[in-house]
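These notes are about the structure you will find just below.
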There are 2 protein chains.
Amino acid sequence: MSKRHNTTLKELAKELNLSISTVSRALNDHPDINATTKQNVKDLARRMNYSPNLFARSFRSQKTNIIGVVVPNISHYFTSTILKGILEEAEIQGYRIIISESNNSEAKQTEMLNTMTQFGVDGILMSLTRKIEKIDDILQTLNRVPIVLFDKVSQKIPCTQIVIDEEQAAFNAVEHLIELGKERIAIIKETENSYNSEKRYAGYLRALEHHSIKIREKIILSTEDISLIHGRRLTNILLSMKKRPDAIFAITDNAAIGAIKALNKFKVKIPEEVAVVGFSNSANSKIIQPELTTVDQPGDKIGRTSVKYLIEEIENPSNDVITKTVEIKTTLVVRDSSLRA
Amino acid sequence: MSKRHNTTLKELAKELNLSISTVSRALNDHPDINATTKQNVKDLARRMNYSPNLFARSFRSQKTNIIGVVVPNISHYFTSTILKGILEEAEIQGYRIIISESNNSEAKQTEMLNTMTQFGVDGILMSLTRKIEKIDDILQTLNRVPIVLFDKVSQKIPCTQIVIDEEQAAFNAVEHLIELGKERIAIIKETENSYNSEKRYAGYLRALEHHSIKIREKIILSTEDISLIHGRRLTNILLSMKKRPDAIFAITDNAAIGAIKALNKFKVKIPEEVAVVGFSNSANSKIIQPELTTVDQPGDKIGRTSVKYLIEEIENPSNDVITKTVEIKTTLVVRDSSLRA
DNA sequence: TTAAGAATTGCAAACGATTGCGGTAACGTT
DNA sequence: AACGTTACCGCAATCGTTTGCAATTCTTAA
């Protein structure tokens with residue numbers, strides 16, 4: 001017996017002296033088929049280790065039950081938790097997942113979209129690259145299969161988008177600092193007007209306004225690459241000011257951790273002198289000392305929700321343009337970096 | 001025009017008044033076809049946005065160009081870096097990747113193997129669950145498609161295995177501590193005799209023996225769940241000893257970080273009083289203070305190598321049992337937790 | 001002019017599963 | 001005895017692509 005052999009309907013049929021169609025129907029519990037015949041077929045199928053060739057099936061039904069996923073970076077922690085949710089929900093619903101990375105390159109991203117549609121996926125889940133300039137390519141694939149965006153999204157693309165309540169989350173985070181008695185609250189955000197950064201910044205502003213706190217342009221800092229290193233760099237700038245801020249809201253855990261590292265270096269007491277709040281509840285946030293107060297983004301829920309909406313569109317195709325935005329609730333995880341004394 | 005329509009060879013053929021076979025051959029640059037005909041066909045194909053139905057193709061060739069990947073936990077950092085390598089190499093070689101998680105459940109793992117073979121993957125890359133008791137299921141799928149194991153492997157399964165040089169890596173790590181002047185070196189390892197833990201422990205022993213350092217059973221600690229929490233717990237035990245160790249080798253970064261947290265709490269100076277070395281070079285290792293000396297495991301290289309060996313077996317099938325073990329070199333990343341004063 | 005040979009192109013089967021429709025046999029009804 | 005019904009099963013087409021072989025046209029040399 002060849003190593004890679006797979007039993008087919010034909011073989012079962014031959015063995016049983018039945019036609020292929022009867023065997024097929026028997027296995028699918030078609031009412032036309034005699035009960036004992038069914039039993040015979042099923043028994044033999046089990047014995048011969050039969051399993052249907054899903055490619056033949058997909059080929060015939062023009063449905064693959066495969067969902068393509070495109071993300072900038074699979075080893076980014078938050079992304080991988082989303083992926084976890086996607087995998088779970090997809091499995092429950094009987095879909096398989098093909099993953100690919102864009103590495104934050106727009107060209108790669110469109111290439112991936114093309115590969116996937118060509119491959120015949122039933123739908124695509126995508127988190128966008130940092131910059132997007134040519135949405136035409138995306139619109140073109142959107143014209144062939146349904147797409148659901150998550151995390152890194154763009155309102156310019158007319159499709160369902162699953163995001164967290166960025167603005168409200170940021171509002172809560174900053175309000176938490178205000179309730180701590182802080183009133184000179186710096187923010188470290190992105191220069192690029194990414195969806196996420198923009199929303200979080202808006203939440204920051206709204207919190208300050210809501211509590212009638214003056215907005216100080218000087219302590220609103222931006223960086224292109226919102227990373228640990230630049231978090232540290234910008235914090236050093238904040239520390240060199242005549243009037244230091246008494247709190248820092250970094251729109252990313254990594255930047256917040258950079259801030260803490262800078263504060264630690266200069267022995268600034270956290271949170272007494274400067275409190276810090278991040279965003280993501282990454283694994284790192286529990287490693288740094290003091291542990292970081294941060295916004296918990298339920299990655300698995302985002303993943304599951306994205307899958308649900310996508311499958312909904314796959315199985316109930318409509319020609320209408322769908323531009324629903326679903327917001328997933330977040331919670332603030334308060335840790336030592338902003339604990340009330 | 002229907003939203004999901006795909007052009008087929010038939011349509012191209014009809015449009016050009018050619019047969020399907022000619023069109024097919026033209027697109028595949030078959031020498032039999034006239035140059036101008038080829039050009040015409042290709043032009044129309046482009047204009048009509050033709051792309052071959054890969055399912056039909058796979059269906060016919062009985063080759064899917066899909067590799068299945070089964071890992072315990074996709075959001076584990078090291079795993080995700082391996083995945084990154086897998087994705088890259090697979091893409092280069094024209095394969096697609098289907099990922100699924102076993103969540104460290106053996107039952108789930110076999111279920112996944114079945115789903116994947118049924119799906120028709122050309123081969124499987126797998127990192128095993130913590131415990132494996134019934135290797136029969138694995139052997140059965142191994143009988144249908146080639147499997148390559150990586151990271152969490154088992155010698156009981158006769159297939160290619162890609163691992164890091166666990167033993168040598170541990171040896172180097174411990175030797176590094178010895179060269180630092182440490183001689184009372186504790187180890188925190190796993191109770192379960194996992195492949196990794198066993199090898200690292202062996203490296204630890206060899207390093208001590210090689211430098212004629214007495215092996216002290218008391219400071220050889222094990223835990224079932226090698227995590228931050230238990231790293232901390234075991235370190236607390238070490239600290240409560242009359243004669244404290246002067247170094248800790250934890251076979252996992254998380255455990256090492258737990259150790260550092262415990263040491264920090266009791267204001268034990270790192271590395272002067274107790275040096276710490278971990279294993280993995282996880283993102284966390286640069287976050288903790290002091291930053292952690294650790295073994296860097298090149299995840300992407302493991303991923304790429306795994307893919308290479310698997311594809312080799314896919315494309316050159318042999319009926320022989322292959323039981324090659326490939327070891328990937330690691331390097332020790334020295335950071336503050338073990339820096340010479 | 002003609003036949004051999006080369007250059008093109010088409011026919012049809014094949015891959016594995018599904019399914020509409022038609023066929024057969026057994027049985028019951030009048 | 002003739003017909004209708006029911007239960008069960010098979011034929012054959014279909015999905016889109018590839019490919020061995022046959023068929024056709026065109027060249028070219030005898």
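Model, not experiment: these values are computed from the prediction. Letters A, B, ... are given to chains in the order of the sequence lines, protein chains preceding strands, and every chain is numbered from 1.
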Axis-to-axis angle across the helix from C:dT1-D:dA30 to C:dT30-D:dA1, five pairs an end, to 10 degrees?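 It works out to 80° between the end axes.
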Pairs: protein N or O with nucleotides 23-27 of chain C N or O, under 3.5 Å:
none

With no hydrogens and no angle check, just 3.5 Å: does a side-chain donor-acceptor pair link [X] and [Y]?
| X | Y | result |
| --- | --- | --- |
| A:Asp300 | A:Thr81 | no |
| B:Asn103 | B:Ser105 | no |
| A:Lys131 | A:Asn104 | no |
| B:Asp136 | B:Gln140 | no |

Letter by letter from the 5' end, nucleotides 6-16 of chain C scores (B base, S sugar-phosphate only, - none; protein heavy atoms under 4.0 Å) --BBBBB-BBB
Heavy-atom closest pair, residues A:Leu9 and A:Tyr50: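 Smallest interatomic distance, heavy atoms only, reads CD2-OH, 3.4 Å.
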Measuring to OP1 and OP2 of C:dT18, would you say a side-chain N or O of A:Ser24 lies under 4.0 angstrom away?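 So the side-chain polar atoms of A:Ser24 do come within 4.0 Å of the phosphate oxygens OP1 or OP2 of C:dT18, strictly under.
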Just how far, in rounded Å, is [atom2] of [N] from [atom1] of [X]?
| X | N | atom1 | atom2 | result |
| --- | --- | --- | --- | --- |
| B:Asp29 | D:dT19 | CG | P | 14 Å |
| B:Asn28 | D:dT19 | CG | P | 8 Å |
| A:Leu27 | C:dT18 | CG | P | 8 Å |

Are B:Asp122 and B:Lys63 close enough for a salt bridge, meaning some N to O gap below 4.0 Å?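 Result for this pair is yes, salt bridge flagged.
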Under 3.5 Å, is there a donor-acceptor pair between the side chain of B:Asn196 and the main chain of B:Lys152?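 Looks like no, no N/O pair under 3.5 Å.
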Can you name the side chain to side chain contact (heavy atoms under 4.5 Å, CB included) partners of B:Glu11, sequence neighbours left out?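 B:His5, B:Thr7, B:Thr8, B:Met48.
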Mind checking ring-ring contact (aromatic ring centres under 6.0 Å, His included) for A:Phe55 and listing every partner two or more places apart, or none if nothing turns up?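 By the ring-ring contact (aromatic ring centres under 6.0 Å, His included) rule, A:Phe55 matches B:Phe55, B:Phe119.
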Any residue meeting side-chain hydrogen bond (donor to acceptor under 3.5 Å, both in side chains) with A:Glu315, in chain and number order, not counting sequence neighbours: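 Scan of A:Glu315 (side-chain hydrogen bond (donor to acceptor under 3.5 Å, both in side chains), adjacent residues dropped) gives A:Tyr95.
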